[in-house]
Amino acid sequence: MIIVPGLPPLQETRHSRELSRRVDDAVRDYRRTNPDVTEADVRTALLQSTPAGMSPDVARRRKVAGAGVAAAIAGAFAASARAGGNFNGQTWLLVVGIVGAVGALAFVAIRWARRD
């Protein structure tokens, strides 16, 4: 199995093993009748056969990341409004703390969402 950093590990199921066996058989039969087929041809055909849309996991991560960014911006705006536009060291520390806390919550939410 190929492991790509940043992507969740593939969940092998009874259906995925059966489909993999059938795809292997189909590729083997096609190669038998067309000996000039290259690995690149097979790879391209397999990529073309998969849906081009986003997977539910990617869509979920993007939603959580978007909510995290929006919360960080809102928190930074609230901190600057609370300071009355007077940015001193304490205000910057508050903004950085809010952004860090929201980032940590988004990270935990993404990890938690990937468990299913």
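Residues satisfying the side-chain contact (heavy atoms from CB on, under 4.5 Å) test with Asp36, not counting sequence neighbours, are Asn34. Every residue meeting the side-chain contact (heavy atoms from CB on, under 4.5 Å) condition with Val42, not counting sequence neighbours, appears here in chain and number order: Val27, Arg31, Val37, Leu46. With sequence neighbours excluded, the residues forming a side-chain contact (heavy atoms from CB on, under 4.5 Å) with Asp25 are Arg21, Arg28, listed by chain and number.
Using a 3.5 Å distance cut-off with no hydrogens or angles, the side chains of Thr38 and Asp41 do pair a donor with an acceptor.
Shown here is Arg17, whose CZ atom has more than 12 heavy atoms of other residues, nucleotides or ligands within 6.0 Å.
Side-chain atoms of Thr44 come within 3.5 Å of backbone N or O of Ala40 as a donor-acceptor pair.
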Mind running salt bridge (Lys or Arg N to Asp or Glu O under 4.0 Å) on Arg22 and Glu18 for me, showing each step along the way? CA-CA 6 Å; Arg22 288 185 184 188; Glu18 174 66 20; 2.9 Å; yes
